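In what follows, a structure is listed as structure tokens, so that the remarks can point back to it.
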Amino acid sequence: MKCAVILAGGKGTRMKSDKPKAMCNLLFKPMIDYVIDTVREIGAGDICVVTGYKHEVIENHLDSDIKTALQEPQLGTGHAVMVARDFIKAHTDDDILIFYGDGPLMDADTVEKAYKYHKENNNSITLISALADDPEGIGHIKRDENGKLERIIEHKDATDEEKKIRESNSGCYWFNGKDLLYAISNITNNNVQNEYYLTDCLEILIKAGKNAGAYIAENNEVILGANDRKQLNDLSTIMRRNINTSLMLSGVDIPCTDGVIIAKSVKIAPSTVILPNTIILGDTTIGLGCTIGPNSYIENSEIGDNVVLDNCKLLDSTVENDVDAGPFVKICNNSVLKKGVHIGNFVEVKNSIIGEGSKSAHLTYIGDSDVGSDVNFGCGTVTCNYDGKNKYRCSIGDRVFIGCNTNLIAPVTVGDKAYIAAGSTITDNIPEDALSVARARQVIKENWVNEKKPCKEKK
């Protein structure tokens with residue numbers, strides 16, 4: 001069985017954050033979430049996260065099935081694994097992945113290939129390495145003249161010659177559970193920092209006659225982490241590029257990637273166009289032949305085929321086929337726009353169902369409403385759903401015509417094919433096929449302006 005220990009106790013001082021380092025966001029999502037996603041993707045059956053600085057922030061964020069262990073004080077990466085001793089003891093017959101909580105670019109494919117290498121070579125420890133473009137600050141992997149692993153040297157402990165070694169330790173390891181328990185029981189802190197290094201496990205297990213190996217990642221970017229906001233931005237650029245590239249290769253058209261941010265969790269069908277300054281996050285799916293953007297924000301929503309969303313904000317809602325919306329539209333709170341709906345400029349739809357073919361061309365608020373098919377909302381229509389204490393729903397039937405500047409005071413029901421005159425404030429139910437006029441009678445006073453002179457005369 002596979003299981004994992006994720007090290008997430010660091011403060012990340014250079015991040016200048018009031019959160020643990022692993023909780024700093026990358027593309028609107030904490031770095032540790034990417035790590036957990038990878039661990040789950042490779043099929044780890046049990047996960048333990050080692051926390052430290054502001055441990056309660058991470059503990060409250062994690063799913064309930066994830067175990068935790070607290071590292072106080074923080075005496076190095078080896079010490080972090082030591083505090084998970086009880087978890088390791090429960091998995092001595094399993095393969096344990098050790099993973100840093102701030103390594104969001106390490107992908108499941110690389111981890112799985114390293115695991116295969118680990119099992120094929122009957123290794124006690126297999127580390128994932130890569131050839132770094134810049135050897136400054138890395139953990140250097142030292143090999144003998146035959147290429148066999150000897151040890152990992154932290155950059156601050158390396159000699160000038162050792163600092164030239166480009167093969168870098170990623171901080172991601174596969175261990176045999178029993179051998180990991182042996183190794184952490186023999187780590188010492190005889191180094192410049194007086195810390196317990198997890199990297200010492202390699203030398204300990206080699207001296208014990210155990211098999212050790214390093215799987216060299218095909219993509220050296222997987223080893224990258226972030227110690228400050230600039231490096232976090234660098235990771236964001238890489239991840240954004242990778243996601244956009246993958247989507248384009250699958251048939252999604254992104255003619256200009258400027259400002260396009262798409263989460264790894266988003267699914268987009270071919271022949272859809274994503275225009276600049278568009279952000280798509282969360283559990284979102286987008287169908288065939290859509291045009292999304294420019295300047296749109298979409299989160300946790302389902303979008304059908306041939307949909308156009310221009311300058312739209314779409315949250316937690318469903319948009320069916322052949323809908324067009326925008327510009328300057330907000331759709332939120334589990335709203336549903338059914339097939340062929342048209343939503344024009346400066347319209348908000350909240351917690352409402354809009355039936356097939358209905359239209360709201362501009363300057364309208366539809367909140368807490370159930371709307372039938374082929375309804376026309378005139379400019380300036382408002383469903384007045386809140387009385388200061390409670391919210392109420394409006395029910396509008398099929399083929400209703402609502403004139404401009406109409407207020408519907410919920411709760412109110414409008415029957416099928418009813419007409420509402422412009423400027424009406426509707427407080428009572430309207431039966432089907434009826435015309436409702438709810439406004440004061442127009443009064444005209446002849447010559448009133450000349451008599452009253454209400455305005456200043458121009459000189």
Side-chain angles (χ1 to χ4, degrees), residues 7 9-15 21 50 52 71 73-82 98-103 105-106 110 114 117-118 123-175 179-180 183-228 230-232 234-235:
L7 309 184
K11 180 178 180 180
T13 303
R14 282 180 281 171
M15 286 289 184
K21 181 182 177 184
V50 177
Q71 183 191 17
Q74 294 166 44
L75 303 176
T77 54
H79 179 253
V81 178
M82 289 177 190
I98 305 293
F99 206 154
Y100 288 133
D102 57 352
L105 296 186
M106 181 63 71
T110 299
Y117 174 88
H118 178 73
N123 286 344
S124 289
I125 176 175
T126 298
L127 58 92
I128 298 175
S129 69
L131 299 179
D133 295 329
D134 180 5
E136 180 70 25
I138 68 173
H140 305 272
I141 296 177
K142 188 172 183 180
R143 297 175 180 264
D144 65 17
E145 62 275 9
N146 298 315
K148 292 186 66 175
L149 293 179
E150 288 187 343
R151 62 194 181 104
I152 303 168
I153 309 165
E154 295 297 327
H155 189 77
K156 50 186 170 286
D157 297 321
T159 64
D160 290 342
E161 192 62 30
E162 290 168 338
K163 288 178 180 178
K164 297 177 183 178
I165 299 173
R166 289 182 56 227
E167 187 175 2
S168 172
N169 176 34
S170 70
C172 188
Y173 312 81
W174 280 107
F175 280 94
D179 293 331
L180 174 58
I184 63 173
S185 300
N186 288 276
I187 295 177
T188 65
N189 62 345
N190 298 325
N191 52 65
V192 173
Q193 300 296 315
N194 292 319
E195 291 185 348
Y196 297 89
Y197 292 157
L198 179 61
T199 51
D200 289 348
C201 289
L202 175 64
E203 192 171 3
I204 289 169
L205 292 174
I206 289 174
K207 287 181 178 179
K210 303 291 184 178
N211 289 344
Y215 174 79
I216 302 176
E218 298 167 10
N219 176 9
N220 64 0
E221 290 177 342
V222 300
I223 68 170
L224 297 177
N227 292 315
D228 55 39
K230 171 60 174 62
Q231 291 178 347
L232 194 62
D234 292 340
L235 297 190

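Values in this document were obtained by computation on a predicted structure and should not be read as measured data.
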*Compare every heavy atom of Leu105 with every heavy atom of Val222, then report the nearest pair and how far apart it is.*
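Closest approach of Val222 to Leu105, heavy atoms only: CG1-O, 3.6 Å.
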
_For a quick test of reading the model, state the closest non-hydrogen atom pair linking Glu167 to Ser129 and the distance between them._
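Looks like OE2-OG, 2.8 Å.
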
*For Asp160, look at atom CG and say whether over 12 heavy atoms of other residues, nucleotides or ligands are found less than 6.0 Å away.*
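12 or below, so no.
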
*Partner residues of Glu161 under the salt bridge (Lys or Arg N to Asp or Glu O under 4.0 Å) criterion, sequence neighbours left out*: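 Scan of Glu161 (salt bridge (Lys or Arg N to Asp or Glu O under 4.0 Å), adjacent residues dropped) gives Lys164.
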
Distance-only donor-acceptor hits, side chain of residues 73-82, under 3.5 Å, sequence neighbours excluded:
| from | atom 1 | to | atom 2 | distance (Å) |
| --- | --- | --- | --- | --- |
| Gln74 | NE2 | Gly9 | O | 3.2 |
| Thr77 | OG1 | Leu198 | N | 2.9 |
| His79 | ND1 | Gln71 | NE2 | 3.0 |
| His79 | ND1 | Pro73 | O | 3.4 |

_salt bridge (charged side-chain N to carboxylate O under 4.0 Å, His left out) for Lys142 and Glu203? Distances and angles first, verdict last._
CA-CA 11 Å; Lys142 188 172 183 180; Glu203 192 171 3; over 6 Å; no

Quick check: does any side chain N or O of [X] sit under 3.5 Å from a backbone N or O of [Y], one acting as donor and the other as acceptor?
X      : Y      : value
Asn219 : Glu221 : yes
Lys21  : Gly101 : no
Asn220 : Ala130 : no

*asked:* Please tell me whether Tyr196 and Asp200 have a donor and an acceptor in their side chains that are separated by less than 3.5 angstrom.
replied: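 Per modelled atom types, Tyr196 and Asp200 side chains form no pair under 3.5 Å.
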
Pair up each side-chain donor or acceptor in residues 205-217 with any protein partner under 3.5 Å, not counting sequence neighbours, and list the distances.
| from | atom 1 | to | atom 2 | distance (Å) |
| --- | --- | --- | --- | --- |
| Asn211 | ND2 | Asn121 | O | 3.3 |
| Asn211 | ND2 | Asn122 | O | 3.3 |

*Just do the side chain to side chain contact (heavy atoms under 4.5 Å, CB included) check on Leu235 and Leu224 with the steps written out, would you?*
CA-CA 8 Å; Leu235 297 190; Leu224 297 177; 3.7 Å; yes

